[in-house]
Amino acid sequence: MTNPSIPLGESRNKDNKNRPLIGWLWRIYLKPQRVWLGIAILLMAIEGSMLGALSYIVQPMFDQVFIAGDRAAVGWVALAIGMIFVVRAVSAFGHRVLMQGAGLRIITSMQKDMVAHLVTLDSRFFQSNPPGTLIERVRGDTTAANNIWAVVLGVVGRDVVSLIALLAVAISVDWLWTLIAIAGAPLLLGPVVALQRYVRKRTFAARDAAARLSNRLDEIFHGINTIKLNTSETRENDRFGSNAGAYLKQEMHARVGQAAIPAMTDFVAAIGFAGVLVYGGNQIIDGDKTVGEFMSFFTAMGLIFEPLRRVANVTGAWQAARASLERIQDIFEAAPTITSPATPKPAIASPENADIALDNVVVRYGTEPALNGASFTAKAGKTTALVGASGAGKSTVFNVLTRLVDPSEGVITINDTKSTDLGLADLRALYSVVTQDAPMFDESLRDNIILNTKDVTDEALANAVEAAHLTEVVANLPMGLESPAGPRGSALSGGQRQRVAIARALLRNAPVLLLDEATSALDAQSEVRVQAALDDLARNRTTLVIAHRLSTIRNADKIVVMDKGRVVDEGRHEELLDRGGVYAGLYALQFSET
Ligand code: ADP
Ligand code: MG
């Protein structure tokens, strides 16, 4: 299991050669395509064997047509050569189409599986692995990895058959010539192994660099207005440029390494060619061999180059694909730590009467605790306000309640049931959360409000829109509720987004309401009205509110004062003021002018 706080790239043992990569690939991705792959291999074998046939036909072409001058043979030799090329063309077209189809289907199903797995991972995982790098793994690595099938199967299906057919022709002409021709091959072993290791290392570095590149793009496009307002375009261009340069360098090294492997076969071939020419040439001069035999042999040896080069290339291509495949496997190996228990307790009965208690809760993001032994209770049907300076740990309380993070110590109970004993879906169904930043999706306003709430009637939707003071906003949009919210809700103002989030919470109608500065982005006028809607919603419901407005805090049934991750005081407004502690200080700073 991978620690969710450690970025993927760093947790990986890059020399872990014992991963069951092939078994995994076969079981999940290749097996479903086996029929198509099988037919493709068959077609490749047909294409491959045509090279053997071609070199074979060279012998009668020379000996019977050119040398013996048999006119009758011209016709059938020409026809045979024509047939060879037609069969080759048709089989090559067929296997290319099948391979492309299988490759694309494998990429798509890998991407779907990756996304389905990624959304189960802890929120923390997404902090140490930023969006751009994950996008690169889901899109870039699946594509890079799956280029390998065409290469590997091409080699297995076509090139190995070509090699065997061409070798058979060569051996049938003269086994000793063949032996001389391939005598240099063992020399390749050492350098090829070294090159493979080099390619693998460089490809890993190149894929990491590609991920950093995607991340830069993500940050530039999301932060475009900040970049403009700080006139930092040049700075961003430079940063992107240097990342792109780093990627280019690694990718170049990887490709040079890949190209060097097949090039080395040429050296060995040169030795073999020269050897056969010297030995065989003398045999022909002596009359021991015919010119046709010699030409047939040399055609076979000439044609053997291409498939041989591709066979040599397969190891480099595999090393490159493997870097991507291992990066994909890293994702599947990352396991969520925040999960439903094996045997979850049944959902809380009558959750509208849910008492919530934190007992000695410690939460650490890094080394410093964000909550450092926080304890308090929020009574059913009452409003509990959390106050404290920025960074005191208020939002973190909401995150542990909803299990976006788990505490390292302490427990949270809902009507005496531990929150970790409940199924995650049951736990999260207890809460409606409205946060400061009100995240939205690039869908219609209607879809943004409904999200995953089931069986929403038009009436309920209209009521939620009305209560969140969105009616006027919607009326002024050209397409009303069907208007697009824009990427991350960018078509709406901050206040409008917050009202959409409030409408979402109203519609969700969960028993416990968590409001994290839910009206912070509203203007004074709409704040008063939305606050009224939230007050309605909060009535008879367990509510926890992090607020900056004095009236909300003053009306709360209980105020919990937080400082540096601890609860330092609790009570009602007047009591706390009288006591004159942290709360009185906050009050003087924040609310004195209200
Ligand atoms: P508040 O909501 O009271 O302003 P938070 O609960 O958001 O405070 O944060 C409490 C502390 O935890 C702060 O010091 C903050 O820097 C830190 N913190 C909050 N969220 C994260 C996070 N995701 N990763 C690392 N540190 C965090
Ligand atoms: Mg906060």
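- Inter-residue side-chain proximity for I331 and V138 is flagged as unmet; no heavy-atom pair is nearer than 4.5 Å.
- For K201, the NZ atom counts as loosely surrounded, since its 6.0 Å shell holds 12 or fewer non-hydrogen atoms of other residues, nucleotides or ligands.
- Applying the side chain to side chain contact (heavy atoms under 4.5 Å, CB included) criterion to D288, with sequence neighbours excluded, gives Q283, D286.
- Shown here for Y247 and A206, the closest heavy-atom pair between the two residues is CD1-O, 3.4 Å.
- For W36, the CH2 atom sits in a loose shell: 12 or fewer heavy atoms of surrounding residues, nucleotides or ligands are nearer than 6.0 Å.
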Task: Candidate pair E482 and R446, rule salt bridge (Lys or Arg N to Asp or Glu O under 4.0 Å), full reasoning - done: CA-CA 6 Å; E482 306 309 325; R446 172 198 295 275; 2.7 Å; yes

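- Heavy-atom neighbours of R255 CZ from other residues, nucleotides or ligands within 6.0 Å: at or below the threshold of 12.
- Side chains of V405 and R403 form no contact here, defined as non-hydrogen atoms less than 4.5 Å apart.
- In summary, the side chains of D113 and Y29 do present a donor paired with an acceptor at a separation below 3.5 Å, with no hydrogens or angles considered.
- Within 6.0 Å of CZ on F93 lie no more than 12 heavy atoms contributed by other residues, nucleotides or ligands.
- Heavy-atom minimum distance, R327 versus D208: NH1-OD1, 2.6 Å.
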- [ ] Just do the salt bridge (Lys or Arg N to Asp or Glu O under 4.0 Å) check on R207 and E136 with the steps written out, would you?
- [x] CA-CA 9 Å; R207 296 308 309 158; E136 185 62 30; 2.8 Å; yes

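- Within 6.0 Å of OH on Y198 lie more than 12 heavy atoms contributed by other residues, nucleotides or ligands.
- Relative orientation of the F297 and W177 rings is perpendicular, given thresholds of 30° and 60° on the angle between their planes.
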Name the atoms and distances for all side-chain donor-acceptor pairs under 3.5 Å in residues 68-76, with sequence neighbours left out.
{"unit_1": "D70", "atom_1": "OD1", "unit_2": "A72", "atom_2": "N", "d": "3.0"}
{"unit_1": "D70", "atom_1": "OD1", "unit_2": "A73", "atom_2": "N", "d": "3.4"}

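- Using a 30° and 60° split on the angle between ring planes, F298 and F294 fall in the parallel class, below 30°.
- The side-chain hydrogen bond (donor to acceptor under 3.5 Å, both in side chains) test with R202 is passed by exactly one of Q250, Q258, Q319: Q250.
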